[in-house]
Asks: 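One structure coming up, written as C-alpha cells, with questions to follow.
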Amino acid sequence: MKVSSIDDSKFFHKGVGIASSTATTTTTHLTVMKTSLFFAGDGFTVYDCYGRLVFRVDSYGPDSRYKDELVLMDPHGRCLFTLRRKRPSLHQRWEGYLHERINGQRPIFGVRRSSVIGRSSVTVEMYRNSSEEYQIEGSFGQRLCKILNAKKETVAEIKRKVDASTNVLLGKDVFSLCVKPGFNGAFAMALVLVLDRINGDDGLYSSSEPNRTLN
C-alpha cells in the first residue's frame, strides 16, 4: 500500500473524493498497534500484511495538547493528516487537515458523534464534496465497527485480531483495519485516531482484557 503519493490535487480532482486518491484493487489488511496512554512516546504503529511499517503516531501522551491535536505520519515521519478537536463541542467534533495544519488552512473533513447520549454512530462530513459522507457504526471500544459510504457500503472495517499461529484472540491494543478497494488507507487510519480519542474520553477504553483462545 502506497502512502507517499498523497497530495491535495489527487484528493479533489474532478470531483473525486479523498477516499479515492490512493485506491487499491484488493482489500488491504493492516495491523494497528496501540501503546499506553500514560508514558512518553505513546502512539500507534501500523503495519501491512508483510510486517512493513505503513503509518505511525508518535506523541500521544497525557499532555493536553496531544489530546486535542494528533498527527498521522508515514514511515518516514512526513505528515499525512493533522486532526484537531473543536472546542467547545457537545458532540465530540474533530476536524481533519491535509498534511501539517497552518494558520488559515481550512479543514477538509469533520467527524462528529450523532448524539451525546448513549451509544451512537459517528458521521464523517467531507467539506469539499457535500455528496460524499460516511457513517461509522458499531463499537470501537470492542474493536468491532464499520465505515460506511453514502450507499451504506462498507469501505473499511475494524476487527479484533487473531494470532494465526496460535489461534489466540489478541487484546484490544492490537487490532485489524481492513480497507476495501478504492478507499484511502491513510484516511481510514485518521478516522481510527478520532474514534480512539472519542472512545477514550468516554472512559470506555480498557487494555486489561486478557487474551483468549478461540474454539
Side-chain angles (χ1 to χ4, degrees), residues 1 3 6 17-19 21-22 24 27-37 42-49 52-61 66-75 79-85 92-99 107-114 119-126 133-149 154-161 170-180 182-202 204-207:
M1 175 183 183
V3 295
I6 294 177
I18 187 173
S21 62
T22 55
T24 58
T27 298
T28 301
H29 297 275
L30 303 175
T31 297
V32 183
M33 302 181 66
K34 180 180 178 181
T35 59
S36 170
L37 292 176
D42 294 336
F44 287 87
T45 50
V46 184
Y47 300 90
D48 65 15
C49 60
R52 298 176 299 199
L53 182 65
V54 179
F55 307 118
R56 61 188 177 96
V57 180
D58 286 342
S59 296
Y60 195 60
Y66 298 131
K67 295 180 181 180
D68 288 345
E69 186 164 299
L70 307 171
V71 175
L72 177 65
M73 296 177 289
D74 72 6
C79 177
L80 302 175
F81 287 104
T82 300
L83 306 163
R84 192 181 191 195
R85 181 175 179 177
Q92 276 275 33
R93 189 177 186 94
W94 286 73
E95 290 184 326
Y97 300 79
L98 194 62
H99 306 306
I108 59 175
F109 66 89
V111 184
R112 61 177 174 82
R113 285 199 305 184
S114 58
R119 187 172 295 177
S120 60
S121 64
V122 173
T123 299
V124 183
E125 303 169 279
M126 309 308 299
E133 183 177 281
Y134 301 92
Q135 294 289 326
I136 305 175
E137 298 180 353
S139 172
F140 180 78
Q142 297 301 318
R143 304 298 189 255
L144 291 170
C145 55
K146 296 180 179 181
I147 302 173
L148 308 174
N149 62 18
T154 299
V155 293
E157 189 170 3
I158 296 163
K159 300 179 180 179
R160 298 292 299 272
K161 187 166 182 68
L170 301 179
K172 296 176 186 176
D173 286 341
V174 182
F175 56 96
S176 295
L177 174 62
C178 302
V179 183
K180 301 296 183 180
F183 199 67
N184 181 272
F187 181 43
M189 187 58 205
L191 298 181
V192 168
L193 296 183
V194 174
L195 289 173
D196 183 74
R197 281 309 316 143
I198 293 175
N199 187 67
D201 287 349
D202 284 344
L204 297 176
Y205 176 76
S206 174
S207 61

Asks: Write down the atom of L30, the atom of D48, and the distance for their closest heavy-atom approach.
Replies: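 For L30 and D48, the tightest heavy-atom pair comes out as CD2-CA, 4.0 Å.
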Asks: In sequence, state the C-alpha distance, the side-chain angles, and the governing distance for L148 and Y134, and then conclude on side chain to side chain contact (heavy atoms under 4.5 Å, CB included).
Replies: CA-CA 5 Å; L148 308 174; Y134 301 92; over 6 Å; no
Asks: Which heavy atom of A188 sits nearest to which heavy atom of A156, and what is that distance?
Replies: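 Taking every non-hydrogen atom into account, CB-CB, 4.3 Å.
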Asks: Once you measure the plane-to-plane angle for F187 and F81, does it fall in the parallel (<30°), tilted (30-60°) or perpendicular (>60°) bin?
Replies: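 Judged by the thresholds at 30° and 60°, the geometry between F187 and F81 is tilted.
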Asks: Nearest 0.5 Å, what's the OG-CG distance between S139 and L144?
Replies: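 Result: 7.0 Å between the selected atoms.
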Asks: So, do R56 and F44 sit near enough that their side-chain heavy atoms are less than 4.5 Å apart?
Replies: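 A side-chain contact is absent here, since even the closest heavy-atom pair is not under 4.5 Å.
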Asks: Is it true that R112 and E95 have a side-chain N and a carboxylate O under 4.0 angstrom from each other?
Replies: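 Salt bridge absent between R112 and E95.
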Asks: Taking R143 for its side chain and F140 for its backbone only, find out whether a donor-acceptor pair lies under 3.5 Å.
Replies: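 Yes, R143 side chain to F140 backbone: donor-acceptor pair under 3.5 Å.
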Asks: Search all heavy atoms of A186 against all heavy atoms of L72 and return the closest pair with its distance.
Replies: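 Shortest heavy-atom contact: O-CD2, 3.3 Å.
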Asks: Are the side chains of L177 and V46 in contact, using a 4.5 Å heavy-atom criterion?
Replies: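 The answer is no, as the side chains (C-beta and beyond) never meet within the 4.5 Å cut-off.
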Asks: Report the distance from atom CG of N149 to atom CZ of F183, rounding to the nearest 0.5 Å.
Replies: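 Answer for the CG-CZ pair, N149 versus F183, is 8.5 Å.
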Asks: Show, in sequence, the C-alpha distance, side-chain angles and deciding distance for K180 and T154, and conclude whether the side-chain hydrogen bond (donor to acceptor under 3.5 Å, both in side chains) test is met.
Replies: CA-CA 8 Å; K180 301 296 183 180; T154 299; over 6 Å; no
Asks: Determine, for D68 against R84, whether the closest basic-nitrogen to carboxylate-oxygen distance falls under 4.0 angstrom.
Replies: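 No, no charged N to carboxylate O under 4.0 Å.
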Asks: Look up atom NZ in K159 and atom NE2 in H29, then write down how far apart they are to the nearest 0.5 Å.
Replies: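 It is 7.0 Å, given to the nearest 0.5 Å.
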Asks: Apply the test side chain to side chain contact (heavy atoms under 4.5 Å, CB included) to residues Y47 and M33: give CA-CA distance (whole Å), side-chain angles for both, the deciding distance (0.1 Å), then the verdict.
Replies: CA-CA 8 Å; Y47 300 90; M33 302 181 66; 3.7 Å; yes
Asks: State, to 0.1 Å, how close P107 and Y97 come at their nearest heavy-atom pair, and which atoms those are.
Replies: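 Nearest pair, atom of P107 first, then Y97: N-CE2, 3.4 Å.
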Asks: side-chain hydrogen bond (donor to acceptor under 3.5 Å, both in side chains) for E133 and T123? Distances and angles first, verdict last.
Replies: CA-CA 7 Å; E133 183 177 281; T123 299; 5.3 Å; no
Asks: What's the separation between atom CE in M73 and atom CG in L53, rounded to the nearest 0.5 Å?
Replies: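 The distance works out to 9.5 Å.
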Asks: Could you pull out all residues at least two apart from E137 that satisfy salt bridge (Lys or Arg N to Asp or Glu O under 4.0 Å)?
Replies: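 E137: salt bridge (Lys or Arg N to Asp or Glu O under 4.0 Å) contacts with K152.
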Asks: Show your working on side chain to side chain contact (heavy atoms under 4.5 Å, CB included) between K172 and K34 and close with a plain yes or no.
Replies: CA-CA 8 Å; K172 296 176 186 176; K34 180 180 178 181; over 6 Å; no
Asks: Looking at C79 and V71, what are the two nearest heavy atoms and their distance?
Replies: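 Heavy-atom minimum between the residues: SG-CG1, 3.5 Å.
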Asks: Has R160 got a side-chain atom pairing as donor or acceptor with L170's backbone, closer than 3.5 angstrom?
Replies: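 Yes; judged by distance alone, with no hydrogens or angles, the pair exists.
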Asks: When rounded to the nearest 0.5 angstrom, what is the spacing between CD1 in I147 and CD in Q135?
Replies: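 Reported value, rounded in 0.5 Å steps: 11.5 Å.
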Asks: Could you give the distance from CG (L70) to OG1 (T82), rounded to the nearest 0.5 Å?
Replies: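 Between atom CG of L70 and atom OG1 of T82 there are 9.5 Å.
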Asks: Considering all heavy atoms of both residues, which atom of V192 and which atom of I158 are nearest to each other, and what is their separation?
Replies: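 Minimum heavy-atom contact is CG2-CD1, 3.8 Å.
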Asks: Test K161 against T31 for side chain to side chain contact (heavy atoms under 4.5 Å, CB included), laying out the working first.
Replies: CA-CA 8 Å; K161 187 166 182 68; T31 297; 3.2 Å; yes
